[in-house]
Amino acid sequence: MRTSKFLISTLKEVPAEASVASHQLMLRAGLIRQLASGLYVWLPAGLRVLNKAENIIREEMDKSGALEINMPVVQPAELWQESGRWEKYGPELCRFRDRKENSFVLGPTHEEVVTWLASYEVKSYKQLPLNLYQIQTKFRDEVRPRFGVMRGREFVMKDAYSFHTNLESLHETYQLMYDTYNRIFTRMGLFFRPVEADTGSIGGNHSHEFQVLADAGEDIIVFSNESDYAANIEMAEAPMPAEERKAPAESLTKVATPDAHTVEEVAAFLKRDVSTVAKTLVVHGETPEGQDCLVMLVLRGDHELNEVKAEKIPGISAPLTFASEKEIQETLGALPGSLGPVGFKGRIIVDRAASVMSDFCTGANETGFHYTGANLVRDIPEFEVQDLRNIVAGDPSPDGKGTVILKHGIEVGQVFELGTKYSAAMGATVLDENGKNIPMEMGCYGIGVTRVIAAAIEQNHDDRGIIWPDALAPFQVALIPLNYGKSAQVTETADKLYEDLIQAGAEVLLDDRNERPGVKFADMELLGIPHIVIIGDKTLQEGAVEYEARKDLAKTKVPLTDIRNLLREKIGK
RNA sequence: CGGUGAUUAGCGCAGCCUGGUUAGCGCGUCUCGUUAGGGACGAGAAGGUCGGAGGUUCAAAUCCUCUAUCACCGACCA
């Protein structure tokens with residue numbers, strides 16, 4: 001490709017809407033343009049990268065034995081009503097009606113459609129296992145699109161769905177996909193880790209996320225400093241403290257704490273550490289009889305509630321909903337900021353770390369008052385202990401080896417064992433060896449293709465621009481002739497080299513624009529092309545050209561006779 | 001969805017508070033010339049419903065009301 005025939009849409013200045021490096025660079029390098037919130041046009045250079053990523057995924061999926069299909073973006077609402085997600089999915093599911101007033105959705109994922117498909121196509125255990133995948137556009141009306149294509153509303157996803165007669169077969173394919181994902185992200189040159197994950201709204205039993213480690217990531221990943229333990233913070237169990245709860249030493253004393261509403265304010269007012277104050281949160285729940293009720297969650301003041309853990313506890317509403325001020329006032333007679341478990345008649349769940357506190361401070365359920373010297377059992381006879389909090393750096397690792405470290409990650413893929421959740425709900429059954437109808441076991445496996453591009457840039461850039469891993473680069477080689485079209489020897493050399501490399505099957509961008517050298521250097525470096533060759537009269541006098549590696553910007557003079565072979569070796573052509 | 005802020009040329013911004021000529025600046029774009037190894041210089045030019053609607057006023061980018069869109073901070077997910 002010649003730049004004169006290509007669309008080079010680089011920007012000098014950073015558009016105001018971009019805050020993270022990948023978003024800024026994708027706009028500056030001319031890979032994408034924003035059409036509306038969370039919606040992006042992929043420009044030619046960007047699309048080349050996207051296609052590279054898709055092809056790697058396609059090759060590895062095919063190698064694993066998965067079969068590519070294509071399902072519609074638009075899906076009938078009935079399928080979603082059948083699976084039960086019509087109610088559960090919430091407003092990010094974009095719903096609409098067609099001219100006949102029939103309800104449809106824009107597919108945010110395709111479990112329903114693929115299960116419908118499998119129920120039609122698969123009748124016998126002999127056809128299983130089967131793994132179907134597609135690379136296709138999804139739409140989720142995200143509450144808060146941000147960071148460019150990292151969290152867009154419309155995005156490209158590779159989603160695969162596997163079908164099995166038994167769990168053993170499902171485990172096998174799960175492991176196969178796990179290994180395939182490792183190969184895919186390794187080929188893309190990413191620094192990533194598979195981590196244990198929550199199954200979220202898709203539902204299921206067993207799951208790993210593939211996380212690209214980068215500071216801009218929105219997820220927090222928990223690692224052990226001694227073992228290979230790695231999990232999403234949503235999942236990471238905060239172990240029971242080793243120490244025993246001390247016997248009460250103080251008596252329960254009510255103290256006035258005017259205008260102190262947060263744990264920090266109370267701690268500061270009473271001149272004690274936040275970790276000696278118990279934090280009380282009130283959420284909605286259900287009694288075993290099915291009655292709505294309020295449940296108290298008690299945590300140490302310096303700890304954070306883990307909502308995923310909380311909503312998994314039976315009897316607590318999912319999604320987790322906090323009681324409103326009005327509800328709290330009516331039930332407890334006090335406002336949030338002065339709440340506590342002492343004297344509360346309902347269900348009280350105490351976090352493991354909070355369960356070993358003694359002589360702590362907590363709200364008195366009377367606005368403006370707290371207790372000091374509060375103690376479990378003595379002052380709060382009825383309570384249960386659960387893991388409720390986010391693990392923090394320095395806590396013992398959940399696997400018992402070492403302590404934990406927290407890092408940010410970008411979730412680029414996830415593998416799930418779904419079980420029979422969808423097949424049972426939607427009647428996707430097969431006849432087994434005994435002629436019995438059984439629902440198929442299912443797995444599902446996603447990769448955020450557009451997101452992976454952003455993740456790759458987060459991990460690979462410098463102050464001049466993007467540094468593409470070889471496998472994702474829009475072009476492998478950039479040729480920068482200086483004085484192209486004016487100097488005959490430069491023009492001839494550049495054209496010849498260009499033709500040779502094209503013949504060899506290389507992806508080459510020849511910058512034949514009538515621009516000053518600085519402009520060309522800056523553009524090619526911003527665009528992140530891994531291998532750059534500079535062809536100028538000065539070095540040609542010595543029968544040489546210059547080779548620049550984008551990775552480290554190192555320039556070396558290379559004899560003209562060697563440059564073809566050097567490049568072909570670098571790009572493996 | 002809540003809170004905060006923004007919307008003026010392709011991009012980045014000033015002007016608004018205190019209403020009053022032809023709405024400016026930098027970058028980019030086009031033409032001509034000089035240049036040519038790190039986003040050059042000179043001369044000229046094109047490009048604006050001041051987000052939209054309504055109102056106040058002799059007069060609105062500027063004041064008021066409504067509305068749309070975008071961004072940032074908190075609850076979702078590939």
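Numbers restart at 1 for each chain; the letters A, B, ... are given by sequence-line order, proteins then strands. Predicted model only: the values in this text are computed from it and were never measured.
Going from the P atom of B/rA36 to that of B/rC73 covers 48 Å, rounded to whole Å. Between the C1' atoms of B/rG33 and B/rU49, the separation comes to 37 Å (whole Å). Look at the C1' atom in both B/rG15 and B/rU7: the space between them is 15 Å, to the nearest Å. Rounded to whole Å, the separation between the P atoms of B/rC16 and B/rC64 comes to 14 Å. Remark: the separation of the P atoms in B/rA9 and B/rG24 is 14 Å, to the nearest Å. Across the P atoms, B/rC27 and B/rA40 are found 10 Å apart, a figure rounded to whole Å. As rounded to the nearest Å, B/rG54 and B/rG42 have P atoms that lie 46 Å from one another.
Not counting sequence neighbours, the partners of A/Phe210 by the ring pair (Phe, Tyr, Trp, His ring centres under 6.0 Å) test are A/Tyr178, A/Tyr181, A/Phe185. Applying the side chain to side chain donor-acceptor pair (under 3.5 Å) rule to A/Tyr547 yields the partners A/His531; only residues at least two apart in sequence or on another chain are considered. Not counting sequence neighbours, A/Asn182 has no partner by the side chain to side chain donor-acceptor pair (under 3.5 Å) test. Evaluation of the side chain to side chain contact (heavy atoms under 4.5 Å, CB included) rule for A/Glu60 yields A/Lys63, A/Thr180, A/Arg183, A/Ile184, A/Arg187 as partners, not counting sequence neighbours. Residues that satisfy the salt bridge (Lys or Arg N to Asp or Glu O under 4.0 Å) test with A/Glu542, not counting sequence neighbours, are A/Lys557. Annotation: ring pair (Phe, Tyr, Trp, His ring centres under 6.0 Å) contacts of A/Trp468 (sequence neighbours excluded): none.
Distance from the side chain of A/Glu142 is smallest to B/rC76 among B/rC76, B/rG37, B/rC13. The side chain of A/Met157 lies closest to B/rA78 when the candidates are B/rG12, B/rA71, B/rA78. Among the nucleotides B/rG39, B/rG12, B/rA36, the one closest to any side-chain atom of A/Ala16 is B/rG12.
B/rG38 atom P lies 8 Å from atom NZ of A/Lys538, rounded to whole Å. When the C1' atom of B/rG39 is taken as reference, atom NZ of A/Lys520 falls 13 Å away, rounded to whole Å. Taking atom CD1 of residue A/Ile534 and atom P of nucleotide B/rA36, one finds them 18 Å apart after rounding to whole Å. As a whole-Å value, the separation of A/Asn514 CG from B/rG33 P is 12 Å. Here the P atom of nucleotide B/rG37 and the CD atom of A/Glu525 are 16 Å apart, to the nearest Å. Between A/Arg513 atom CZ and B/rG39 atom P there is a gap of 15 Å when expressed in whole angstrom units. Across the protein-nucleic acid pair, A/Phe416 atom CZ and B/rC77 atom C1' stand 9 Å apart, rounded to whole Å.
Applying the 4.0 Å criterion to OP1 and OP2 of B/rA71, one finds that A/Gln34 has a side-chain N or O inside that range. Look at A/Thr10 and you won't find any side-chain N or O under 4.0 angstrom from OP1 or OP2 of B/rG39.
For B/rC76, the base has a donor-acceptor partner in the side chain of A/Arg151 [N/O atoms by modelled type, under 3.5 angstrom]. Between the side chain of A/Lys138 and the base of B/rA78 there is no donor-acceptor pair of N/O atoms closer than 3.5 Å. For B/rC11, its base never sits under 3.5 Å from the side chain of A/Arg33 at any donor and acceptor pair. A/Lys555 contributes a side-chain N or O that forms a donor-acceptor pair with the base of B/rG38 under 3.5 Å.
Ranked by how close their nearest RNA chain B nucleotide is to the 5' end, A/Arg451 and A/Ile535 are led by A/Ile535. Between A/Ser37 and A/Lys486, the residue anchored nearer the 5' end of RNA chain B, judged by the nucleotide with its closest heavy atom, is A/Lys486.
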Between N or O atoms, less than 3.5 Å apart, protein on one side and nucleotides 72-75 of chain B on the other: list the pairs.
{"from": "B/rC73", "atom 1": "OP2", "to": "A/Arg144", "atom 2": "NH2", "distance (Å)": "2.3"}

Would you tabulate the nitrogen or oxygen pairs shorter than 3.5 Å linking the protein to nucleotides 23-31 of chain B?
{"from": "B/rG26", "atom 1": "N2", "to": "A/Glu13", "atom 2": "OE1", "distance (Å)": "2.9"}
{"from": "B/rG28", "atom 1": "OP1", "to": "A/Lys12", "atom 2": "NZ", "distance (Å)": "3.3"}

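Note that A/Arg95 lies outside the cation-pi zone of A/Trp80, set by a 6.0 Å cut-off to the ring centre and a 45° limit from the axis.
Nucleotide B/rC27 forms a Watson-Crick or G-U wobble pair with B/rG10, both donor-acceptor distances falling under 3.5 Å. The partner of B/rC58 is B/rG20, by the rule that a Watson-Crick or G-U pair needs both atom distances under 3.5 Å. The partner of B/rA78, taking Watson-Crick or G-U wobble pairs whose two distances both stay under 3.5 Å, does not exist in any strand shown. Pairing for B/rG42 goes to B/rC32, judged as Watson-Crick or G-U wobble with the two contacts each under 3.5 Å. With a cut-off of 3.5 Å on both pairing distances, the Watson-Crick or G-U wobble partner of B/rG51 is B/rU67.
Taking a centre distance below 5.5 Å and an interplanar angle below 30 degrees as the stacking criterion, A/Phe521 does not stack against the six-membered base ring of B/rG37.
Annotation: salt bridge (Lys or Arg N to Asp or Glu O under 4.0 Å) contacts involving residues 477-495 of chain A, sequence neighbours excluded, comprise A/Arg2-A/Asp495. Applying the salt bridge (Lys or Arg N to Asp or Glu O under 4.0 Å) test to every pair with at least one member in residues 519-540 of chain A, sequence neighbours left out, gives these pairs: A/Arg464-A/Glu525, A/Arg513-A/Asp523. Within the structure, the salt bridge (Lys or Arg N to Asp or Glu O under 4.0 Å) test picks out the following pairs touching residues 41-54 of chain A (sequence neighbours left out): A/Arg48-A/Glu507, A/Lys52-A/Glu507.
The existence of a salt bridge linking A/Arg58 and A/Glu68 is confirmed by a sub-4.0 Å separation between a basic side-chain nitrogen and an acidic carboxylate oxygen. Between A/Asp512 and A/Lys5 there is no salt bridge, since no side-chain nitrogen of the basic residue lies less than 4.0 Å from a carboxylate oxygen of the acidic one. Using a cutoff of 4.0 Å between basic side-chain nitrogens and carboxylate oxygens, A/Glu142 and A/Arg151 are scored as salt-bridged. The pair A/Glu13-A/Arg28 does not count as a salt bridge, with every side-chain nitrogen at least 4.0 angstrom from each carboxylate oxygen.
Residue A/Gly152 is classed as a base contact, given a heavy-atom separation below 4.0 Å to a base.
The stretch residues 308-317 of chain A has no heavy atom under 4.0 Å from RNA chain B, so no residue of it qualifies as close.
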